[in-house]
Amino acid sequence: MCGIVGYIGKRDVAPLLLEGLQRLEYRGYDSAGVVVTSPKAAGLKMVKAKGRVRDLEARVPKRFAGTTGIAHTRWATHGAPSDENAHPHMDAEGKVAVVHNGIIDNASDLRAKLTAEGVEFLSETDTEVLTHLIARNDADTLEEKVRQSLKLIEGTYGVAVLHADFPDRIVVARNGSPVVLGIGEKEMFVASDVAALVSHTRQVVTLDDGEMATIKADDFRTYTTSGTRTTAEPTTVEWEAESYDMGGHDTYMHKEISEQPDAVDRVLRGRIDERFATVRLGGLNLDAREARTIRRIKILGCGTSYHAGLIGAGLIESLARVPADAEPASEFRYRNPVVDPDTLYIAVSQSGETYDVLAAVQELKRKGARVLGVVNVVGSAIAREADGGMYVHAGPEVCVVSTKCFTNTVVAFALLALHLGRIRDLSVSDGKRIIEGLRRLPEQIQQILQAEAEIKKLADQYADAKSMMFIGRVRGYPVALEASLKLKEISYIHAEAYPASELKHGPLALIEPALPTVAIVPDDDLLEKNRAALEEIKARSGRILAVAHQEQEKADHTVVVPKNEPELDPILMGIPLQLLAYHTALSLGRDIDKPRNLAKSVTVE
Ligand code: M6R
């Protein structure tokens, strides 16, 4: 949520920062700003604009030279999107500029105190409080000014600070919101996400919570907020700069949907052990003996990751016969959960940054639980906090709505379920059956993607709906939940998901010709039950679009998907519905990659 980018070196900084902001725009896009300076400049120059990075770019004057700067793209928390509330925030003298991700919980108290001392606030943001604290601090060094000011703050932050009296450095700090340093040749970068850095350097240092850094053009040092030096070993970012580009597609969402055959191939690669009909998951840090003692598995995630967790729980129950369920992490953390030593907790997150998930993990660890992470972003906060886990290897996902990460996360759960199953009671032949099914997935996904033109036609026909119903049974229900979330996120069409079995307990009252239903109808032991639900809808003149393994007589339209093993079918059934949401949103002229009111990583409560 929100993006930070900064640079110090010899190059003209404004174009660099604007390019970095473009790459981070998916993290927040309601306003943006940039501040620059240089060793010989007299002070800081700042431009801010409500709207997108392109609106900021249009405002940057021709003469805006500088070789050091920080910039920000915002997703509003305190104060509406406006020029004034956009970051950076400066003090009255224009000496200090701050960009900040996160939330300062005690901002109102600090604002009241500073106001009583005569400070005039120009914005409604919590961040401006920090700017004034730093500007009023009389320590000799910028590091000390920032350090002492952060001590007064409660809450989360990733911050970057520029000071006119110290133009040779940028000071940054992290607590709960990511900060990454990028090491170049006589130049240094800082960002909240490697996406902003990789076109310049792949050598990075990720700060830990409670860590600060001073970056200069040819040097950097890291230390804690208590002032103790820390050692920071640079690592190499796994992905090339091109992985963050649109690669010839019109939108990131389309690119990411199309990448799924390769992405699934990646999550499987090197993990299958044909000899023992199982998989090798080295990062779990859970040996066979420990795995056998697990009595229950609880999966925690938010949004799409929660839906992937629901399918994961089903896979674990059916393949490993361990009771498993999934719960939104955002709920779990607030209900003082009973933490059971025999339960294995699994935190799921694409970004590895989602605050609700991270907070749930921290609470669980504090209570002595064992927590695994199923995460996409390598080295992210949740991945580091967990006792072990699996990366889903989907590659960078830029579109705000998650597609390939959902699919890869479910495949990762299938691997975990197989692994646990083979340690417990899953037979060799069932292990082989699942492995063969997993191996078929990339090609079958490709087959579904080839039906895009047909799905687009259907989307055009259903795009006039004001509301849509999604139904599925057992394995199909989380698919319905996820498909309904996809549709509402990017098309803004209201959508509800229900277990098909629940229709007659209430939602059937909604059925009429104007409310289409999307039904998940796999060819499994529940086929007849699902068909009965279609009958009930048809009897009330409802329109039906079925996703099934064979044409459905009662449906107005059927998207036929290839059949895999019943346990793995949800993976394939979700894919045409990603395309349905995509083409519905496209035909309604929506901003697909940047849906209104949302941002990619929700790093606030
Ligand atoms: O990064 P995470 O997987 O933890 O994110 C969780 C949700 O915020 C995320 O899945 C959200 O629901 C997406 N917009 C779904 O498309």
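For ligands, and for the atoms within them, numbers begin at 1 and follow the listed sequence. For reference, positions follow the sequence shown, starting with 1. In what follows, every heavy atom counts, from backbone to side chain, and hydrogens, waters and symmetry copies are set aside.
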When you check the side-chain N and O atoms of N564 and Q444, is any donor under 3.5 Å from an acceptor?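 Per modelled atom types, N564 and Q444 side chains form a pair under 3.5 Å.
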Determine whether the side chains of T403 and Y582 contain a donor N or O and an acceptor N or O closer than 3.5 Å.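 Result is no, nothing qualifies.
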Whether the side chain of W75 engages the backbone of S31 through a donor-acceptor N/O pair (distance < 3.5 Å, no angle test) should be reported.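 A pair under 3.5 Å: no.
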For the residue pair F406 and H307, is the inter-centroid distance of their aromatic rings smaller than 6.0 Å?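 Here the rings of H307 and F406 have centres that are no less than 6.0 Å from each other.
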Is there any protein N/O under 3.5 Å from an N/O of ligand 1, and what does the full list of such pairs look like?
unit_1: ligand 1; atom_1: 1 (O); unit_2: S351; atom_2: N; d: 2.9
unit_1: ligand 1; atom_1: 1 (O); unit_2: S351; atom_2: OG; d: 2.7
unit_1: ligand 1; atom_1: 1 (O); unit_2: T354; atom_2: OG1; d: 3.4
unit_1: ligand 1; atom_1: 3 (O); unit_2: S305; atom_2: OG; d: 2.6
unit_1: ligand 1; atom_1: 3 (O); unit_2: Q350; atom_2: N; d: 2.7
unit_1: ligand 1; atom_1: 4 (O); unit_2: S349; atom_2: OG; d: 2.6
unit_1: ligand 1; atom_1: 4 (O); unit_2: T354; atom_2: OG1; d: 2.4
unit_1: ligand 1; atom_1: 5 (O); unit_2: T354; atom_2: OG1; d: 3.4
unit_1: ligand 1; atom_1: 10 (O); unit_2: T304; atom_2: N; d: 3.1
unit_1: ligand 1; atom_1: 12 (O); unit_2: T304; atom_2: N; d: 3.3
unit_1: ligand 1; atom_1: 14 (N); unit_2: V400; atom_2: O; d: 3.3
unit_1: ligand 1; atom_1: 14 (N); unit_2: E489; atom_2: OE2; d: 2.4
unit_1: ligand 1; atom_1: 16 (O); unit_2: T304; atom_2: OG1; d: 3.3
unit_1: ligand 1; atom_1: 16 (O); unit_2: S402; atom_2: N; d: 2.8
unit_1: ligand 1; atom_1: 16 (O); unit_2: K486; atom_2: NZ; d: 3.0
unit_1: ligand 1; atom_1: 16 (O); unit_2: E489; atom_2: OE1; d: 2.8
unit_1: ligand 1; atom_1: 16 (O); unit_2: E489; atom_2: OE2; d: 3.1

Is R596 close enough and on-axis enough to Y492, meaning under 6.0 Å and within 45°, for cation-pi?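 Yes, R596 sits over the ring of Y492.
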Is the closest side-chain heavy-atom distance between L545 and L580 below 4.5 Å?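 Result yes, sub-4.5 Å side-chain heavy-atom pair found.
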